[in-house]
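Shown next, in structure tokens, is the structure this report addresses.
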Number of protein chains: 2
Amino acid sequence: MASTSSAENDVAARLRADVLGASLPPASPLRLMDLTGRYDAAPGKVREALLQLASEGLIRFKPKHGFTSLPLSIEELWDVTHLRIKLESEAVTQAIESGDEAWEARIISALHLISKVETRSLKDRRALDGDWSKKHREFHSALLSACPSQWTVRFCETLSDHAERYRRHSISVRAHARDIHAEHKAIAEAVIGRKAKLARELLSDHYTSTANAVAANGDAFETLAKKQRGRGR
Amino acid sequence: MASTSSAENDVAARLRADVLGASLPPASPLRLMDLTGRYDAAPGKVREALLQLASEGLIRFKPKHGFTSLPLSIEELWDVTHLRIKLESEAVTQAIESGDEAWEARIISALHLISKVETRSLKDRRALDGDWSKKHREFHSALLSACPSQWTVRFCETLSDHAERYRRHSISVRAHARDIHAEHKAIAEAVIGRKAKLARELLSDHYTSTANAVAANGDAFETLAKKQRGRGR
DNA sequence: CTCGATAGACTTTTCGAAAATTATTGCCAT
DNA sequence: ATGGCAATAATTTTCGAAAAGTCTATCGAG
């Protein structure tokens, strides 16, 4: 979360991208030796990366039984979504109160970069998901970057990761790209215009409709999870 | 947080107790080899424990420079306190809505155990801090144990750890023992009586007055922190 | 006397094989 | 057939020495 300095710990970063990016099936065991092969790293290094992800709640760890990816559940989806709305609304309100021009510039910059990726994705329509997700994350992070409460933004980032895991597991991000971009633009304008109440409402709608879209495909992963669970025991 | 299975990983538990219990000075480097001696464990094991604490934000980690304990700052104290009030109020409200008899029993049980420790501390007045803190933590945990939002509970526990770090660094917990016990009793009664609004107010007062007591001694650790910081660079 | 570079000491980090633990398979008795 | 038991296989965990990196102190030049 705060400790991965990008170039430093490559394995942890790639592993996280795979967990978040739905490259790994949910609720399945993550065998240490498979991963040493997959990432070409020493067992100890992989173990360290796995432990780090476990501490963020992205995977589960049972002391002598190894690691497993988490199942997806509709209840947790809504838990994450509701809490995220609550915390992020608060964070944005505080950011609006104490944000300066540099903060506004960061938001506009991030919004621009998202739209760049989106236009690019019209031509080259595969595998932009990772790129788009990164810019999307940075946009929401920019919104919160003027919030004086470090703990609030930290929790928001954690929830953001988990929300992304659900999003990437169920829907193709490009599916509703146009709508989403309009929403982002509206949010950015409300925030920079210092309209806290409007911003909160837009943010709430934004996350709620995303969660609804995920939940619509939710039956799929619910049954999948059950199947996996049944096999596991 | 969730991954330490008590007896399993001894070093991490002891290290955490020392960080929370103010046995280690704030804002000072945690040298790997010192700790291997202190806990009589292999370097790798200590490193693992250190990384775990770093992921919880209890210590800082710079990739090739090792670990340092965190400084104490009044701003962070209030950040933790305010967010904790917000989240824990919400969690208690939800717990009140959906708690059953077993939940009520857990609260009463935990309250009883606290008072036991407090009466015991009248005779044997030293080194009960660790024991009292443990029971105190369990009481607040019991309050939240019927909250259906796992994420809210998890964040509350993280904040609870950090609040304890501040408390233990500045004031002797027994100092206001009688007042605190009355507060706990009042909170328990409000919660079990399903008076959500009252419970929220009491909880808020409880944490605010603790934070005030810590902040009153705050000048001490602020100057200490400055001295350490000046020496460090 | 100040500044910069180089050598040395000290810390952290990595790696891979050995050890401990758990899961699986095949077998025998009931 | 079924249920328990033992041996085997697979996997995780540990350990310590070697390697890479960082900080400090000394020495020489300007």
Side-chain angles (χ1 to χ4, degrees), chain A residues 1-16 18-19 24-25 27-56 58-70 227-233, chain B residues 1-16 18-19 24-25 27-70 228-233:
Chain A
M1 188 174 307
S3 53
T4 57
S5 64
S6 58
E8 188 57 53
N9 206 350
D10 192 30
V11 182
R14 280 205 283 165
L15 197 45
R16 148 183 309 229
D18 286 347
V19 170
L24 266 12
S28 64
L30 298 165
R31 260 173 284 275
L32 203 48
M33 287 175 49
D34 293 355
L35 298 176
T36 61
R38 198 182 210 278
Y39 301 113
D40 187 39
K45 205 73 186 295
V46 174
R47 185 184 145 85
E48 175 181 319
L50 252 356
L51 277 171
Q52 186 178 332
L53 291 199
S55 79
E56 297 170 32
L58 257 38
I59 60 179
R60 196 177 301 292
F61 170 58
K62 276 184 66 178
K64 303 255 171 166
H65 301 250
F67 302 83
T68 58
S69 62
L70 287 175
K227 212 185 299 175
Q228 293 275 5
R229 212 175 302 150
R231 181 137 42 92
R233 297 191 181 276
Chain B
M1 184 176 304
S3 52
T4 57
S5 64
S6 58
E8 190 57 53
N9 205 350
D10 194 29
V11 182
R14 280 205 282 166
L15 196 45
R16 143 180 311 214
D18 287 346
V19 171
L24 266 11
S28 64
L30 299 164
R31 261 174 284 277
L32 203 48
M33 287 174 49
D34 293 355
L35 298 175
T36 62
R38 198 182 211 278
Y39 301 114
D40 187 37
K45 204 78 181 293
V46 174
R47 184 183 146 85
E48 176 181 319
L50 252 357
L51 277 172
Q52 186 178 332
L53 291 200
S55 79
E56 297 171 32
L58 258 37
I59 60 179
R60 197 177 300 292
F61 170 59
K62 276 184 69 178
K64 301 261 171 162
H65 300 246
F67 302 84
T68 57
S69 61
L70 286 176
Q228 292 275 2
R229 211 174 305 148
R231 180 136 43 94
R233 296 190 181 279

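Protein chains get the first letters and strands the later ones, always in sequence-line order, with residue 1 at the start of each.
- For A/A12 against A/A49, the heavy-atom pair with the smallest separation is CA-CB, 3.6 Å.
- Shortest non-hydrogen contact noted between A/T68 and A/I59 is O-CB, 3.5 Å.
- Here D/dT12 presents its C1' atom at 16 Å from CD of A/E48, a figure rounded to the nearest Å.
- For the side-chain contact (heavy atoms from CB on, under 4.5 Å) test with B/L35, the passing option among B/D40, B/L50, B/V11, B/L24 is B/L50; the others fail.
- The listed nucleotides are D/dT11, D/dT14, C/dT14; the one nearest the side chain of A/K45 is C/dT14.
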Under 3.5 Å between N/O atoms: give me all the protein pairs with nucleotides 18-25 of chain C, atom names plus distance.
residue: C/dA23; atom: OP1; partner: A/H65; partner atom: ND1; Å: 2.7

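- In terms of the side chain to side chain contact (heavy atoms under 4.5 Å, CB included) criterion, residue partners of B/L70 (sequence neighbours excluded) are, by chain and number, B/R60, B/R165.
- The backbone N or O of B/A27 sits less than 3.5 Å from a side-chain atom of B/S69, completing a donor-acceptor pair.
- Taking atom NZ on B/K62 and atom P on D/dC23, their separation rounds to 8 Å, with Å as the unit.
- For A/L51, the side chain to side chain contact (heavy atoms under 4.5 Å, CB included) criterion is met by A/R47, A/F61, A/F67, B/E48, not counting sequence neighbours.
- Contact check of residues 32-42 of chain B against DNA chain C (heavy atom, cut-off under 4.0 Å) returns B/L32, B/M33.
- Of all non-hydrogen atoms in B/V46 and B/A41, the two that sit nearest each other are CG2-CB, 4.1 Å.
- Taking every side-chain heavy atom of B/R31 into account, C/dT12 is the closest of C/dT12, D/dT11, C/dG16.
- Listed by chain and residue number, B/D18 satisfy the side-chain hydrogen bond (donor to acceptor under 3.5 Å, both in side chains) test with B/R38 (two or more places apart in sequence, or in another chain).
- Look at CZ on B/R47: it is 14 Å from P on D/dG21, rounded to the nearest Å.
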